[in-house]
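One structure is given here, and the rest of the page talks about it.
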Amino acid sequence: MSQTASQTGTEPSSEVPPHRYTPALAQQIELAWQDRWDAEGTFRTPNPAGPLSEGFDRVADRPKAFVMDMFPYPSGAGLHVGHPLGYLGTDVTSRFLRMDGHNVLHPMGYDAFGLPAEQYAVQTGQHPRITTEANIEAIRAQLRRLGVDHDTRRTFATIDPDYYRWTQWIFKEIFESWFDETADGGRGRARPIADLVSELDAGTRRPAPGTLPEGRSWAELDEVGRRRVVDAHRLAYRHEAPVNWCPGLGTVLSNEEVTADGRSERGNFPVFRRPLTQWMMRITAYAERLLEDLDRLDWSDSLKHMQRNWIGRSTGARVRFTVGTGEGDPAAAETVEVFTTRPDTLFGATYMVLAPEHPLVETLTAAAWPDAVDPRWTGGAATPGEAVEAYEVQASRRSELERQTEGRDKTGVWLGVTARNPLTGQDMPVFIADYVLFGYGTGAVMGVPGEDQRDWEFAQAFGLPIVRTVQPPAGFDETAGAYTGSGPMINSSNERLSLDGLEKDAAIAAVTDWLVATGNGEATTTFKLRDWLFSRQRYWGEPFPVVYDEDDLPIAVPDSMLPVLLPDVDDYSPKTFADDDADSRPEPPLSRASEWTTVTLDLGDGPKPYRRETNTMPNWAGSCWYYLRYADPTNAERLVDPELDRYWLGPREPGDVGGVDLYVGGVEHAVLHLLYARFWHKVLFDLGHVSSEEPFRRLVNQGYISAHAYTDSRGFYVPAAEVEERDGRFFHDGEPVTREYGKMGKSLKNVVTPDEMVAAFGADTFRVYEMSTGPLDQSRPWETKAVVGAQRLLQRIWRVVVDEESGAVRVADVEPDDDTSRALHRAVEAVRDGMTTLRFNIAIARITELTNHLTSAYPPGTAVPRAVAEGLVLLVAPLAPHLGEELWARLGHDSSVAWASFPVAEERWLVDATVTVAVQVNGKVRAQVAVPADADAAGLEAAARADERIAGYLDGATVRRVVAVPGRLVNFVLS
RNA sequence: GCGGGAGUGGUGUAACGGCAGCCACGCCAGACUUAGGAUCUGGUGCCUUCGGGCGUGCGGGUUCGACUCCCGCCUCCCGCACCA
């Protein structure tokens with residue numbers, strides 16, 4: 001505090017009144033109250049039952065409110081002023097709700113597994129737990145200094161073994177279940193995997209399509225075969241999927257970590273697309289429910305939109321084509337299924353394209369080109385086999401990102417075979433091309449150049465025929481490209497089916513009926529959402545609670561063995577390879593912990609050796625369920641006690657989704673975290689572990705804070721704090737600099753930390769400033785020089801209660817005058833509105849008005865009515881809690897203001913005896929008249945006509961109409 | 001390209017379809033001062049011949065009345081982006 005004292009000490013202290021609310025005094029008050037809150041357990045939230053239930057009697061009759069932030073990832077850089085925006089928003093809300101009679105749960109935890117800590121460990125050789133825990137401690141201290149009201153007994157980090165034990169337990173639950181699509185009337189529901197096994201054994205259920213080995217039945221399979229079938233049904237399953245493999249870094253990368261030219265963002269090493277067996281989560285099974293239930297959530301439209309977009313539901317048809325009946329080997333006939341949203345255009349399909357990764361590519365590829373093959377179709381190769389191989393290599397070297405961004409020039413090669421169009425009977429050449437994505441639909445499309453722009457471009461590049469099946473409007477440029485609009489069908493009939501003249505919907509219905517009737521396809525729905533890749537070749541993550549037996553089949557370890565602790569290793573980095581060694585395989589750090597990787601267990605048939613899973617879970621796992629643990633953080637027996645789950649998260653009435661009452665966090669988690677958490681929650685709901693259908697009832701994205709940044713003549717950023725403004729221009733070290741604007745961060749050299757603000761002004765001033773700059777969900781610029789406005793406000797509030805010269809309380813038991821009562825109660829009404837709508841700027845503006853009124857109505861030396869002074873203190877307490885406590889105590893109260901009742905406005909003070917209404921002539925305001933508040937339209941009009949100026953306007957004019965809105969205005973419409 | 005959101009003083013913002021700009025920063029003036037990057041008070045959308053006129057990105061529309069609702073543009077921000 002000496003630093004702060006010296007700052008304020010630059011002024012001769014004789015000039016500052018001895019009891020002014022200075023930064024130094026604020027510091028002193030804040031530290032004292034923070035200690036007292038800890039000592040008294042002010043913010044301990046009692047549970048209705050269990051070890052944290054002490055004190056529940058006090059709140060038993062209150063409604064509950066669960067208010068929560070997206071927990072931070074504790075990086076070494078600490079917080080800047082942008083981070084606390086959301087934390088302070090929930091803090092003000094939770095303090096308001098507590099004062100307004102709720103039992104409030106407002107906890108905080110730490111998301112602590114993940115890459116940054118691991119990379120730091122790789123560089124320093126220090127165990128990531130050490131740096132992570134130090135970082136957590138630093139953030140915890142920063143938050144405490146801001147005066148947040150977290151129940152610290154409920155704080156945990158995802159790296160705590162007591163926590164990740166239950167992350168592993170949830171993984172097991174997901175692993176030990178499957179999605180029964182027929183359950184709940186076709187809505188689908190997760191069920192224990194044991195149910196599936198008994199139904200398969202009993203013959204009451206058939207294995208899902210594609211899970212049985214070709215030509216075999218469940219009954220014929222041996223034990224291992226049956227387990228493979230069962231494993232293929234699980235919600236957590238192992239699957240071979242193409243990933244971004246970076247040999248130079250020795251790890252798989254996410255799409256975001258790969259640059260546009262197919263190299264790693266870190267280190268600039270080549271990245272290869274290669275298939276790899278990985279753990280997957282069957283989130284796609286829940287696509288429909290995740291989509292539908294969005295309608296029941298109180299989230300912003302834009303956020304729901306992003307989720308809908310990501311889930312990407314589209315309806316259409318699957319159409320089956322017979323391939324290989326052309327010039328190639330007739331014995332090689334195969335069926336290829338395509339997905340299309342435009343089955344009505346089937347008559348216009350003139351070729352077919354498979355994704356390069358499509359499993360049938362190899363079988364379909366012909367041995368040789370036919371005579372007179374179009375040179376554009378061969379990729380310059382001597383045989384289809386060579387062409388395909390070369391093209392696949394080319395495609396694998398291009399990252400997914402690159403495939404999407406690079407030029408979009410259509411490339412591909414012909415497989416040397418054709419497919420039969422079931423409607424036209426024409427043979428259509430079959431290509432592979434990377435504009436068809438393996439992960440979407442069936443990984444194959446029918447090429448309809450007349451009605452699809454991508455297909456048009458491909459047809460142009462490869463000289464393929466174009467048939468229009470939808471009549472473009474008159475004046476349509478036939479050479480311009482595909483026509484994707486509406487219109488009657490043309491060129492779409494044969495002896496069996498005619499679509500000509502039909503509009504789109506009717507044509508789709510007709511062709512779909514025909515497909516079903518002839519066995520060539522059926523209507524279907526496809527989702528963009530893909531299953532969740534759940535393995536990482538990392539050290540710093542949750543180990544899987546999985547071992548493999550001698551048949552290489554995964555087995556979940558028994559609950560008694562949880563948690564599976566992360567072992568210590570010598571080297572936290574994954575094994576790396578030569579940059580261009582595309583055939584190398586990932587080797588995760590845990591695979592080198594040889595003591596750990598093999599284990600002898602008795603899983604029911606005697607002690608046997610097992611091999612542990614050496615991948616770890618992704619960073620998202622720990623953040624998928626932490627909100628549940630806040631309700632029951634100490635439970636060693638269960639994930640969460642069902643009674644506590646129902647109390648804090650359960651549905652409020654039948655049909656309610658339940659969940660956290662307010663969840664505040666950054667929009668950057670709009671899709672992944674929020675989708676994964678919803679998915680896990682729904683699985684836990686299906687399995688009966690939680691009572692609510694959704695995890696987060698109401699969700700708000702706080703805005704982010706940007707700041708000005710400055711570049712010198714060379715274009716380098718200079719420290720923004722050192723820039724001076726003179727006459728609207730900016731200088732650093734006397735040199736002119738250019739002002740820019742951007743997200744606060746190291747690279748722009750424009751970081752401002754809460755610590756600096758607390759040191760210069762105190763936490764309450766910082767809180768009030770940050771909350772006053774706009775609605776919580778709005779982004780805003782940081783402006784340190786404007787913080788003084790918040791400081792002045794708090795100083796004036798202080799002065800309303802405390803005499804700056806004597807330190808005596810100025811309050812007396814006198815009646816406030818009517819104007820003051822009206823000012824108070826109007827402020828109460830507006831502040832409540834601001835608090836509930838998260839528009840703290842409104843609340844602060846109304847508090848300022850009340851303060852300014854009191855400052856002039858009760859100048860120094862006069863007595864302030866107690867009722868009004870206390871009302872003001874209560875209003876500001878959620879925003880400036882330390883000041884609130886201090887003034888509340890000085891006003892003679894023994895107990896914390898945090899538990900005092902928030903004021904309620906009295907109706908009689910919200911209405912004036914007389915109101916001033918505007919009088920308009922032809923919609924323009926010409927006068928104002930005072931009328932009784934309850935004056936009716938006639939009274940308003942009479943009062944308006946009595947006004948001299950209005951009479952002047954009306955004199956000699958014809959009043960065509962009079963609009964009089966009681967309490968609002970009068971409008972004379974003249975002709 | 002597709003989808004979404006937003007455009008109001010020098011700045012952040014505020015306005016149940018009803019007096020545009022509350023509150024704050026900044027700025028101007030004054031008070032207290034040896035002093036002010038402290039505090040307090042007053043003023044501050046633009047133009048004005050001091051009557052008033054004009055003002056919420058631009059252009060239309062609905063309405064007695066539009067920042068607000070509708071249509072079309074422009075700009076900025078965000079999301080998705082060969083999703084068949």
Side-chain angles (χ1 to χ4, degrees), chain A residues 8 10-12 15-17 20 22 300-306 308-310 312-314 316 338-342 345 353 403-410 433-437 439-448 451-455 457-458 526-530 667 670-671 725 728 768-769 772-775 778-793 795-796 799 804 830 839 841-849 851-852 855-856 859-860 916-928 960-965 967-974:
Chain A
T8 52
T10 54
E11 311 146 14
E15 290 300 324
V16 178
R20 171 159 292 173
T22 60
S300 73
D301 287 340
S302 65
L303 204 66
K304 289 184 184 182
H305 222 93
M306 284 162 71
R308 285 199 190 97
N309 201 348
W310 191 264
R313 184 182 197 272
S314 60
V338 306
F339 173 72
T340 176
T341 57
R342 295 294 302 275
T345 63
V353 186
R403 263 165 75 158
Q404 289 161 4
T405 50
E406 194 185 74
R408 298 199 180 178
D409 291 336
K410 295 292 178 286
D434 63 9
Y435 85 92
V436 174
L437 306 174
Y440 183 74
T442 62
V445 301
M446 60 184 201
V448 189
E451 281 79 37
D452 184 288
Q453 186 58 29
R454 296 154 301 183
D455 294 346
E457 288 161 12
F458 190 83
T526 295
F527 295 90
K528 220 164 91 178
L529 182 67
R530 302 186 199 179
V667 71
V671 175
E725 179 178 359
V768 169
Y769 169 70
S772 72
T773 47
Q778 190 169 311
S779 292
R780 64 205 68 183
W782 178 264
E783 207 174 355
T784 298
K785 70 176 181 183
V787 179
V788 68
Q791 184 179 22
R792 287 174 187 155
L793 171 63
Q795 282 177 334
R796 290 201 295 275
R799 212 156 28 230
E804 286 191 329
R839 297 183 305 162
N841 53 324
I842 302 293
I844 292 167
R846 299 293 86 83
I847 289 171
T848 309
E849 281 180 328
T851 305
N852 292 348
T855 300
S856 56
T916 306
V917 299
V919 183
Q920 299 181 331
V921 176
N922 285 336
K924 287 192 192 298
V925 178
R926 297 301 182 184
Q928 314 211 339
R960 207 156 51 88
R961 188 172 166 186
V962 181
V963 181
V965 184
R968 298 260 176 229
L969 55 50
V970 185
N971 187 12
F972 292 97
V973 185
L974 309 182

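None of these values were measured; they are calculated from a predicted model. Per chain, numbering begins at 1; letters A, B, ... match sequence-line order.
Comparing A/Gly439 and A/Asp301, the nucleotide of RNA chain B nearest to each residue sits closer to the 5' end for A/Asp301. With the nearest nucleotide of RNA chain B identified for both A/Met446 and A/Asn971, A/Asn971 has the one nearer the 5' end.
Taking only side-chain nitrogens and oxygens, A/Arg839 never comes nearer than 4.0 Å to OP1 or OP2 of B/A14. The shortest distance between the side-chain N/O atoms of A/Arg961 and the OP1/OP2 oxygens of B/C64 is below 4.0 Å.
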field: Base-contact (B) and sugar-phosphate-only (S) positions in nucleotides 19-29 of chain B, heavy-atom cut-off under 4.0 Å, - elsewhere
entry: B--BSSSS---
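Nucleic acid contact for A/Asn841: sugar-phosphate only, since backbone atoms but no base atoms lie under 4.0 Å from a heavy atom of the residue. Residue A/Ser856 is out of contact with every strand shown, counting any heavy-atom pair closer than 4.0 Å. At the heavy-atom level, A/Val973 lies under 4.0 Å from the strands shown only through sugar-phosphate atoms. Within the nucleic acid shown, A/Ser779 comes within 4.0 Å of sugar-phosphate atoms alone, with no base atom in reach, counting heavy atoms only. As judged by a 4.0 angstrom heavy-atom cut-off over every strand, A/Arg926 is placed among residues touching the sugar-phosphate backbone only.
When the side chain to side chain donor-acceptor pair (under 3.5 Å) test is applied to A/Glu849, the partners found at least two apart in sequence or on another chain are A/Arg846. Partners of A/Arg792 under the salt bridge (charged side-chain N to carboxylate O under 4.0 Å, His left out) rule, at least two apart in sequence or in another chain, do not exist in this structure. Qualifying side chain to side chain donor-acceptor pair (under 3.5 Å) partners for A/Ser300, counting only residues two or more places apart in sequence or in other chains: A/Ser302. For A/Arg308, the salt bridge (charged side-chain N to carboxylate O under 4.0 Å, His left out) partners are A/Asp295, not counting sequence neighbours. A/Arg796 is linked by a side chain to side chain donor-acceptor pair (under 3.5 Å) to A/Asn852, counting only residues two or more places apart in sequence or in another chain. Residues forming a ring pair (Phe, Tyr, Trp, His ring centres under 6.0 Å) with A/Phe458 (at least two apart in sequence, or on another chain): A/Tyr351, A/Phe431, A/Tyr435, A/Phe462. For A/Arg342, the side chain to side chain donor-acceptor pair (under 3.5 Å) partners are A/Asp344, not counting sequence neighbours. By the salt bridge (charged side-chain N to carboxylate O under 4.0 Å, His left out) test, A/Arg780 pairs with no residue at all, sequence neighbours left out.
Using a 4.5 Å heavy-atom threshold, the side chains of A/Thr784 and A/Tyr769 count as separate.
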query: For RNA chain B, what is the dot-bracket line, given that a base pair needs Watson-Crick (N1 to N3, plus N6-O4 or O6-N4) or G-U wobble (N1-O2 and O6-N3) geometry with both distances under 3.5 Å, and | means paired with another strand?
result: (((((((..(((.....[....)))((((((.......))))))(((....)))..(((((..]....))))))))))))....
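Distance, A/Met306 CE to B/C78 C1': 8 Å, rounded to whole Å. When the C1' atom of B/A84 is taken as reference, atom CD of A/Glu457 falls 13 Å away, rounded to whole Å. Atom CD in A/Gln778 sits roughly 12 Å away from atom C1' in B/G7 (whole-Å rounding). When rounded to the nearest whole Å, the span between CH2 of A/Trp782 and C1' of B/U11 equals 15 Å. Rounded to a whole Å, the CZ atom of A/Arg530 is 13 Å from the C1' atom of B/C80. Atoms NZ (A/Lys304) and C1' (B/G4) sit 14 Å apart, rounded to a whole Å. In this structure, the CZ atom of A/Arg313 is 17 Å from the C1' atom of B/A84, given to the nearest Å. Look at CZ on A/Arg20: it is 13 Å from C1' on B/G36, rounded to the nearest Å.
Here the side chain of A/Asp452 is nearest to one of B/G18, B/A84, B/G4, namely B/A84. For A/Thr855, the side-chain atoms get nearest to B/U41 when compared with the rest of B/G4, B/G65, B/U41.
B/C25 sits 26 Å from B/C19 when the P atoms are compared, rounded to a whole Å. Atom C1' of B/A20 sits at a distance of 36 Å from the matching atom of B/C2, rounded to the whole Å. Nucleotides B/G10 and B/G21 place their C1' atoms 14 Å apart, quoted to the nearest Å. Using atom C1' as the reference point in both B/C69 and B/C80, the two lie 29 Å apart (nearest Å). A gap of 25 Å separates the C1' atoms of B/G52 and B/G42, to the nearest Å. If you take atom C1' in B/A84 and the same atom in B/C77, they sit 30 Å apart, rounded to whole Å. Across the P atoms, B/C40 and B/G7 are found 33 Å apart, a figure rounded to whole Å. With both ends at atom C1', the span from B/G17 to B/C64 equals 12 Å, rounded to whole Å.
A/Asn309 contributes atom CG, which lies 15.5 Å from atom NZ of A/Lys304 (distance to the nearest 0.5 angstrom). We find the OG1-CD distance between A/Thr773 and A/Glu783 to be 10.5 Å, quoted to the nearest 0.5 Å. Note: A/Trp310 CH2 to A/Lys528 NZ = 7.5 Å, rounded to the nearest 0.5 Å. Taken to the nearest 0.5 Å, the CD atom of A/Glu451 stands 10.5 Å off from the OG1 atom of A/Thr340.
Classification of B/G51 as syn follows from a glycosidic angle within 90° of 0. Under the 90° criterion around 0 for the glycosidic angle, B/G9 counts as syn.
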Considering only distance and modelled atom types, tabulate donor-acceptor pairs under 3.5 Å from the side chains of residues 919-927 of chain A, sequence neighbours left out.
from     : atom 1 : to       : atom 2 : distance (Å)
A/Asn922 : OD1    : A/Leu974 : N      : 2.9
A/Arg926 : NE     : A/Tyr953 : OH     : 3.4
A/Arg926 : NH1    : A/Tyr953 : OH     : 3.3

Under 3.5 Å, N/O pairs linking protein and nucleotides 44-49 of chain B:
none

